[in-house]
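Comments concern the structure below.
Every chain is numbered from 1 and lettered A, B, ... according to where its sequence line falls, protein lines coming before strand lines. Since the model is a prediction, treat every value here as computed from it, not as a measurement.
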2 protein chains.
Amino acid sequence: MGDNARMRISARADYAVRAALQLAACTDSGPVKAETIAVAQEIPHKFLEGILNDMRRGGLVTSQRGGNGGYRLARAATDISIADVIRTVDGPLVSVRGVRPPELSYSGPAESLLPLWIALRANVRQILDGVSLADVATAGLPTEVMDLTEDPAAWTNP
Amino acid sequence: MGDNARMRISARADYAVRAALQLAACTDSGPVKAETIAVAQEIPHKFLEGILNDMRRGGLVTSQRGGNGGYRLARAATDISIADVIRTVDGPLVSVRGVRPPELSYSGPAESLLPLWIALRANVRQILDGVSLADVATAGLPTEVMDLTEDPAAWTNP
DNA sequence: ATGTTTCCTAGCAGAGTAGTAGGAAATAAC
DNA sequence: GTTATTTCCTACTACTCTGCTAGGAAACAT
């Protein structure tokens, strides 16, 4: 018990999204070096290299080596969702006891737990699949998302 | 990479909720033994004992020792949310890189990430705070939650 | 007293997290 | 073709978290 949490965005995922946002921001000034991103977003350089590599393997970014090389987004920033990034570097968005909800089976009074986890997942997807890198980079989050942040209670802790 | 996921309901949390549901189901037949719950829900007995203890410390259940002892809910099943249970055994629902969203600060094109995480958290809370043990135990999930499970896409993997 | 059941402490094997280190391979500029 | 640059790859480390198990002490009912 302590500061561990259940919906946890890992350092990897957070860094990956921020790096992707940085790429979205400098979309037409040639490839961006890992080092540049690392400095701009205060991310450990070598750690970031590995993350960018995962994103390349996942088809999210393309890379070029050598002097004046670097990374750029493989698709338009409007066409890459936050969920795409997180899934690429960290795997599935939602799991229960290590497996994805559809593989679960409950009995007795717990039977309705499965639909609950499904609803939870659908809800998370709605947000993370529905927001693109461009939305965040240009500070133009969808109104449904902005609406959720209106309630001051959303900003307080528990 | 692999089967790790970002919104992960741990075994602890899953077991805790199921145990609480079992208690909600036998609310007026006297205290329920850990062993009984363990068998009914196929949860490792000694592991469950620890979880029930955490729930007692968290004020969710009361206990009685000795022959004919066991556990019962401390409040009405309508008055305990799924979020209450998860938070009691696992800590805060949502965190980014180990800290809760309000403590974060982003710069440059990542500035709108904070409102995004806040919206995500609000959305998760909406579900988990809004569903009580009684809702699940009686298979009477709120209609907003049921609506989310209507779309067949909610049941498919990615 | 006796049996039952919770409560407490300790430990443990495996996996995941957040990095670091060092160098090989590709590319561009000269 | 050499050199500087930058990605790419492998391996390693230290720490924490997860999902348990073991053994017994304390409380309670009969």
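Proximity of Tyr15(B) to the phosphate of dG19(D): no side-chain N or O atom is located under 4.0 Å from OP1 or OP2.
Cluster membership for Leu148(A) and Met146(A), using ILVMFWY side-chain heavy atoms within less than 4.5 angstrom, is shared. In terms of hydrophobic clustering, with Ile, Leu, Val, Met, Phe, Trp and Tyr side chains grouped at heavy-atom distances under 4.5 Å, Ile43(B) and Val99(A) are assigned to a common cluster.
Ion pair Arg87(A)/Asp129(A) flagged as a salt bridge, since at least one NZ, NE, NH1 or NH2 atom sits closer than 4.0 Å to an Asp/Glu carboxylate oxygen.
If you measure from atom CZ of Arg8(A) to atom P of dC17(D), you get 8 Å, rounded to the nearest angstrom. Rounded to an integer number of Å, the gap from CZ of Arg97(A) to P of dG19(D) is 9 Å. In this structure, CZ of Arg72(B) is placed 15 Å from P of dT5(C), rounded to the nearest angstrom. Atoms CZ (Arg12(B)) and P (dA15(C)) sit 20 Å apart, rounded to a whole Å. Atom CD1 in Ile51(A) sits about 9 Å away from atom C1' in dA18(C), given to the nearest Å.
More than 12 heavy atoms of other residues, nucleotides or ligands lie within 6.0 Å of CG in Asp147(B), so this atom counts as buried by the packing criterion.
In this structure, the side chains of Arg75(A) and Asp84(A) come closer than 4.5 Å at one or more pairs of heavy atoms. Side-chain contact check for Gln41(B) versus Leu21(B): every heavy-atom pair is 4.5 Å or farther apart.
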At a cut-off of 3.5 Å, list every protein nitrogen or oxygen paired with a nitrogen or oxygen from nucleotides 14-16 of chain D, distance to 0.1 Å.
none

Produce the list of close N/O pairs, under 3.5 Å, pairing protein atoms with atoms of nucleotides 7-11 of chain D; give distances to one decimal.
residue	atom	partner	partner atom	Å
dT7(D)	OP1	Ala34(A)	N	2.9
dT7(D)	O3'	Ser63(A)	OG	3.4
dT7(D)	O2	Arg65(A)	NH1	3.1
dC8(D)	OP1	Arg56(A)	NE	3.1
dC8(D)	OP1	Ser63(A)	OG	2.3
dC8(D)	OP2	Tyr71(A)	OH	3.2
dC8(D)	O4'	Arg65(A)	NH1	3.3
dC8(D)	N4	Lys46(A)	NZ	3.4
dC8(D)	N4	Glu49(A)	OE1	2.7
dC9(D)	OP2	Asn53(A)	OD1	3.4
dC9(D)	OP2	Arg56(A)	NH2	3.0

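Residue pairs meeting the ring pair (Phe, Tyr, Trp, His ring centres under 6.0 Å) criterion with at least one partner in residues 122-158 of chain A, sequence neighbours excluded, do not occur; the list is empty.
At distances below 3.5 Å, not a single donor-acceptor pair connects side-chain atoms of Asp14(B) with backbone N or O atoms of Ala11(B).
By the side chain to side chain contact (heavy atoms under 4.5 Å, CB included) test, Arg65(A) pairs with no residue at all, sequence neighbours left out. In this structure Ala25(A) satisfies the side chain to side chain contact (heavy atoms under 4.5 Å, CB included) test together with Pro109(B), sequence neighbours excluded.
Checking dG16(C), dT20(C), dC20(D) against every side-chain atom of Phe47(B), the shortest atom distance belongs to dC20(D).
Between Arg72(B) atom CZ and Asp28(B) atom CG the span is 10.0 Å, to the nearest 0.5 Å.
At a non-hydrogen distance threshold of 4.0 Å, nothing from residues 17-27 of chain B comes into contact with DNA chain D.
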